[in-house]
Amino acid sequence: MLQISCWNVNSVKIRADSVKKLLQQYSPDFLLLQELKCEENVFPFEVFEDLNYNISLKCQKSYNGVAILSKHIIDEIKYDFPNNPCSDEARFIEVASQTALGYCRVICVYVPNGGISKERYDVKLEFLKALKEYLVSIANNDEFLIIGGDFNVAPEELDVHDATSLMDEVCFTPPERRAMRAILNNNLVDLFRIKNPNLKQFTWWDYRAGAYQKNQGMRIDFLLSNYKLLKYFDSFNVAHNFRSNDRPSDHVPIFASFSLNAL
DNA sequence: ATGGTCGCCATGCGA
């Protein structure tokens, strides 16, 4: 049994108790967090200290920030990938550990939103392209590989509430969708979609305009695996009830479980 | 077409 969870928390300090509850309730082997929004010296280590997770961080003041919390001993750690156009921002962390299934490489990524300006939009496309090149280079290695994160792209019409009205909106423009599909078409599998081919299920709803109440969201958070790990894929869960919490993140946690019995 | 809400940390900016 191997379970991986992924959540854009939109401030780990505000959401620390909620993160702790997730760890206690689900006990994932790995928890991938995005948008920590704090520096390492104010990360709420004390909230998690009795839970026996190894915490790997890439932090940045006020913005971005990614973490991987692991039950397993961290054997390798990387803080960047080749040709990342946002190397000065905290958007990527990678670890590798021995697990019950075997040696497993885990990547946590926070793709730029790209909605601020044309320049940032172009940087987003470059980021996705460089990330794809990196993932292609490692996907067929003889080890398990899982990538999770907030990709800020909804690749298909089924991944948004209203494809017609969103066609020119950032996160759903054709170039972004092509860049995302290029990642999904290169030896990696969109674990939610392979399990739910026709299900309209979102992972993010805007705080504004009652978007959650109207279920006007997008599926922009993903867990992807290589084919070596896909063989053991068991189940996928979107914890959409987290969006009803007091002071929710605008994203909800997602979970993928793998088991030797899945074969 | 506009503005709606959060979280950063003290003000507008990013999402």
Here the residues of residues 39-49 of chain A within 4.0 Å heavy-atom distance, strictly under, of DNA chain B are none
Write down the distance between [atom1] ([X]) and [atom2] ([N]), rounded to a whole number of angstrom.
X: A/Gln213; N: B/dT5; atom1: CD; atom2: P; value: 12 Å
X: A/Ile14; N: B/dC8; atom1: CD1; atom2: C1'; value: 10 Å
X: A/Asn245; N: B/dG7; atom1: CG; atom2: P; value: 13 Å

Cationic N near anionic O, under 4.0 Å, A/Asp50 to A/Lys20:
yes
### Message
Taking A/Ile93 as the starting point, is it possible to reach A/Leu145 by hopping between hydrophobic residues whose side chains are less than 4.5 Å apart?
### Response
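Looking at the clustering, A/Ile93 is in a separate group from A/Leu145.
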- prompt: Shared ILVMFWY cluster between A/Tyr121 and A/Val123, side chains joined below 4.5 angstrom?
  reply: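 No; A/Val123 is not reachable from A/Tyr121 via cluster members.
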Q) With a 6.0 Å cut-off on ring centres, are A/Tyr26 and A/Phe255 close enough? A)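 Centroid distance A/Tyr26-A/Phe255: below 6.0 Å, so yes.
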The nucleotide from B/dG3, B/dC9, B/dG7 with an atom nearest the side chain of A/Ser62 is B/dC9
Output yes when a side-chain donor or acceptor of A/Asn8 lies under 3.5 Å from a complementary backbone atom of A/Trp204, and no otherwise.
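No; judged by distance alone, with no hydrogens or angles, the pair does not exist.
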**OP:** For B/dC9 versus B/dC13, give the span between their C1' atoms, rounded off to a whole number of Å.
**Re:** 11 Å
Determine the interatomic distance between C1' on B/dA15 and the same-named atom on B/dG3; round to the nearest Å.
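Comparing C1' positions in B/dA15 and B/dG3 gives a spacing of 15 Å.
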| message | Looking only at the side chains, is there a donor atom on one of A/Gln3 and A/Asp29 sitting less than 3.5 Å from an acceptor on the other? | response |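 Not at all, the side chains of A/Gln3 and A/Asp29 share no donor-acceptor pair under 3.5 Å.
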Is there a donor-acceptor contact under 3.5 Å linking the side chains of A/Tyr103 and A/Asp75?
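Checked: A/Tyr103/A/Asp75 side chains pair up, N/O donor to acceptor below 3.5 Å.
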Any strand, both distances under 3.5 Å, Watson-Crick or G-U wobble: B/dA10 pairs with none
Could you identify the nucleotide paired to B/dT5, looking across every strand shown and requiring Watson-Crick or G-U wobble geometry with both distances under 3.5 Å?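 Matched B/dT5 with B/dA15 under the 3.5 Å cut-off.
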Quick one: sort the A/Tyr134 and A/Phe92 rings into parallel, tilted or perpendicular, breaks at 30° and 60°.
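Plane angle over 60°, so perpendicular.
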Going 5' to 3' through nucleotides 10-15 of chain B and flagging B where a protein heavy-atom sits under 4.0 Å of the base, S where only the sugar-phosphate is that close, and - otherwise, we get ----SB
